[in-house]
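The figures here come from the full heavy-atom set of this structure, side chains too, leaving out hydrogens, waters and symmetry mates. In this text, all values refer to a predicted model and were calculated from it rather than measured experimentally.
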Amino acid sequence: MASEKSSGEMYRCASCDATFDDYVVLDDDSIAGTAACPECRQPSLRLARD
């Protein structure tokens with residue numbers, strides 16, 4: 001189960017090149033979950049810089 005989070009930052013996905021201001025948290029085996037792209041669900045997020 002993935003839940004959407006918003007942080008006020010802009011993110012870019014290195015996998016699909018989408019830019020967005022939220023992300024999903026994958027319910028994997030990590031303690032806090034893994035932040036992932038809401039478009040392609042890949043954990044390839046980078047902060048988008050101007």
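- Here E9 contributes atom CD and D22 contributes atom CG; the two are 13.0 Å apart, rounded to the nearest 0.5 Å.
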For C37 and C16, what are the C-alpha separation, side-chain angles and deciding distance, and is it a side chain to side chain contact (heavy atoms under 4.5 Å, CB included)? CA-CA 9 Å; C37 175; C16 70; 3.7 Å; yes

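- To the nearest 0.5 Å, atoms OG1 (T19) and CD (E39) are separated by 10.0 Å.
- Distance CZ/R46 to OG/S15: 8.5 Å, rounded to 0.5 Å.
- The OH atom of Y11 sits 9.5 Å away from the CG atom of D21 when rounded to the nearest 0.5 Å.
- Here F20 contributes atom CZ and L45 contributes atom CG; the two are 5.0 Å apart, rounded to the nearest 0.5 Å.
- Separation of atoms CD (Q42) and CG (L26) is listed at 8.5 Å; rounding is to 0.5 Å.
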